[in-house]
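Per chain, numbering begins at 1; letters A, B, ... match sequence-line order.
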Amino acid sequence: MMMCRRATQLMSQRLDRPLTWRERLSLRFHLAMCGPCSECNRQFELLHDAGRRYAPETQDQDDV
Amino acid sequence: MLTLTAHWEGAPTVSTEPLDDRMQRLSAVRPRLLSFARLHLRDNAQAEDAVQDALEAAITKGDSFEGRSGYETWVFGILKYKILDLMRAQKRQGQWQPLEDENDDDAIDRLFQQNGRWHEASRPASWGEPEAVFENERFWQVFDACMISLPDSAARVFSLRELMGLSTDDICRELDIKENNCWVILHRARLRLRACIEKGWLTEERA
């Protein structure tokens, strides 16, 4: 089974590239069972949004 | 090269707003421009120069803008180009540290146990609702401080990706690295940044 360290890699890469369906599935499975990783995932998403708020809408629309 | 579109080329050219008003609007946005530039360039003097250049360009080119947000977006767009130019120059002049070796990162190793689970002390805690977080001025101070404390390569790649909004493909071309390496650096940067923010912000909030 996938462990937290690997899960954080996938939750990071999810913000930079589309995951394969297999990666998505194992990440979703892990997040459903792991509280700390779910928090980490929310924080990565928050940091992603924070970056986009730093400068007003000068970003490329390249979100995955 | 980069696929960014030059926002400022489409700037209106009809001058209707007095110069004083424009100067005032620019000086209001200047602190934000400066901290944005600083996070990218990691050098105060160069950040000042980039912002100065961008403001001068904005004064000579930008004559009229309806609404504050459109104007700020446009000025930030100018600054982005200045920053990218300066970053390229920094890189040419060898001012950058070589990118970290991807197999050697104690800071990340310390977060996890041998079996790949979180160490108890490094387990992420809740930060609360994102909207409330973004409205908290202290969060942004800690965010800035933690960005500055990141290793050079992590900070550069992270700010190009998350602040500038470039794709990892563009970043690889810009920095001359492999995309896989870019993902590795971003993963580490996010882990470090979240740990730093949690330490500097939440502990203080709850103290």
Side-chain angles (χ1 to χ4, degrees), chain A, chain B residues 2-5 7 29 32-33 35-36 39 68-70 72-77 79-80 108-109 111-113 115-118 122-127 130 133-134 139-140 143 158-159 161-171 179 182-184 186-191 193-194 197-198:
Chain A
M1 202 191 76
M2 187 171 61
M3 282 302 149
C4 304
R5 185 172 181 145
R6 170 67 184 150
T8 63
Q9 276 171 8
L10 289 182
M11 53 183 103
S12 174
Q13 290 186 19
R14 193 175 66 87
L15 302 170
D16 306 318
R17 68 169 175 92
L19 298 183
T20 66
W21 72 267
R22 200 177 281 274
E23 288 171 329
R24 277 205 305 276
L25 200 67
S26 55
L27 178 61
R28 197 179 299 171
F29 188 64
H30 183 92
L31 290 177
M33 295 190 309
C34 180
C37 280
S38 301
E39 289 301 342
C40 186
N41 189 46
R42 276 193 279 274
Q43 293 173 5
F44 279 5
E45 283 171 358
L46 185 141
L47 291 175
H48 188 69
D49 292 343
R52 270 146 182 71
R53 280 162 187 257
Y54 211 95
E57 291 167 33
T58 59
Q59 312 279 344
D60 283 358
Q61 298 303 310
D62 60 354
D63 286 277
V64 177
Chain B
L2 289 175
T3 52
L4 294 168
T5 47
H7 297 277
V29 71
R32 287 172 53 214
L33 294 170
S35 51
F36 183 80
L39 293 186
R68 185 165 156 267
S69 68
E72 285 189 11
T73 302
W74 175 72
V75 179
F76 264 98
L79 180 64
K80 278 171 74 168
I108 303 307
D109 287 342
L111 299 175
F112 299 98
Q113 306 173 41
N115 65 12
R117 292 179 195 270
W118 294 96
S122 49
R123 276 180 204 158
S126 173
W127 292 2
V133 172
F134 293 140
F139 168 78
W140 293 105
F143 180 89
F158 183 87
S159 52
R161 175 73 192 105
E162 300 288 46
L163 301 182
M164 197 80 87
L166 301 189
S167 67
T168 47
D169 193 42
D170 282 336
I171 296 171
E179 199 164 25
C182 204
W183 290 327
V184 170
L186 282 167
H187 171 232
R188 287 196 199 142
R190 290 182 175 118
L191 281 175
L193 200 54
R194 67 140 296 277
I197 290 174
E198 192 161 304

Discussion item. Please evaluate residues B:Leu111 and A:Thr8 with respect to the criterion side chain to side chain contact (heavy atoms under 4.5 Å, CB included), reporting the C-alpha separation (whole Å), side-chain torsions for both, the decisive distance (0.1 Å), and the verdict.
Written reply: CA-CA 11 Å; B:Leu111 299 175; A:Thr8 63; over 6 Å; no

Item to complete: Show the numbers, then the answer: is there a side chain to side chain contact (heavy atoms under 4.5 Å, CB included) between B:Glu179 and A:Asp16?
Response: CA-CA 10 Å; B:Glu179 199 164 25; A:Asp16 306 318; over 6 Å; no

Practice prompt. Give the C-alpha distance, both sets of side-chain angles, the deciding distance and a yes or no for side chain to side chain contact (heavy atoms under 4.5 Å, CB included) between A:Arg42 and B:Trp127.
Written response: CA-CA 9 Å; A:Arg42 276 193 279 274; B:Trp127 292 2; over 6 Å; no

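For B:Leu33, no part lies near chain A; criterion is any non-hydrogen pair under 4.5 Å. At a 4.5 Å heavy-atom cutoff, the contact between B:Val133 and chain A is made by side-chain atoms alone.
Residues A:Arg17 and B:Asp169 are not paired through a salt bridge, judged by the lack of any N-O separation under 4.0 Å between the basic side chain and the carboxylate.
Of the listed residues (A:Glu45, A:Arg6, A:Gln43, A:Glu39), the one with the most heavy-atom contacts under 4.5 Å to chain B is A:Gln43. Interface check for chain A: of the options B:Trp118, B:Phe143, B:Phe139, the most heavy-atom pairs under 4.5 Å are formed by B:Trp118. Chosen from B:Gly116, B:Ala189, B:Ser122, the residue pairing most often with chain A at heavy-atom distances under 4.5 Å is B:Gly116.
Interatomic distance, CD of A:Gln9 versus CZ of B:Arg188, reported as 9.5 Å (0.5 Å rounding). Going from atom CZ of B:Arg123 over to atom SG of A:Cys4 covers 8.0 Å, rounded to the nearest 0.5 Å. Going from atom CE of A:Met11 over to atom NE2 of B:His187 covers 7.5 Å, rounded to the nearest 0.5 Å. How far CD of B:Glu162 is from CZ of A:Phe44: 10.0 Å, rounded to the nearest 0.5 Å.
Nearest heavy-atom pair, B:Trp140 versus A:Ala50, reported as atom, atom and distance to 0.1 Å: CH2-O, 3.6 Å. What you find for A:Cys40 and B:Leu191 is that their closest heavy atoms are SG-CD2, 4.3 Å.
Counting only distance, with no hydrogens or angles, the side chain of B:Arg190 and the backbone of A:Ser12 share a donor-acceptor pair below 3.5 Å.
The closest side-chain donor-acceptor pair between A:Tyr54 and B:Ser35 falls under 3.5 angstrom.
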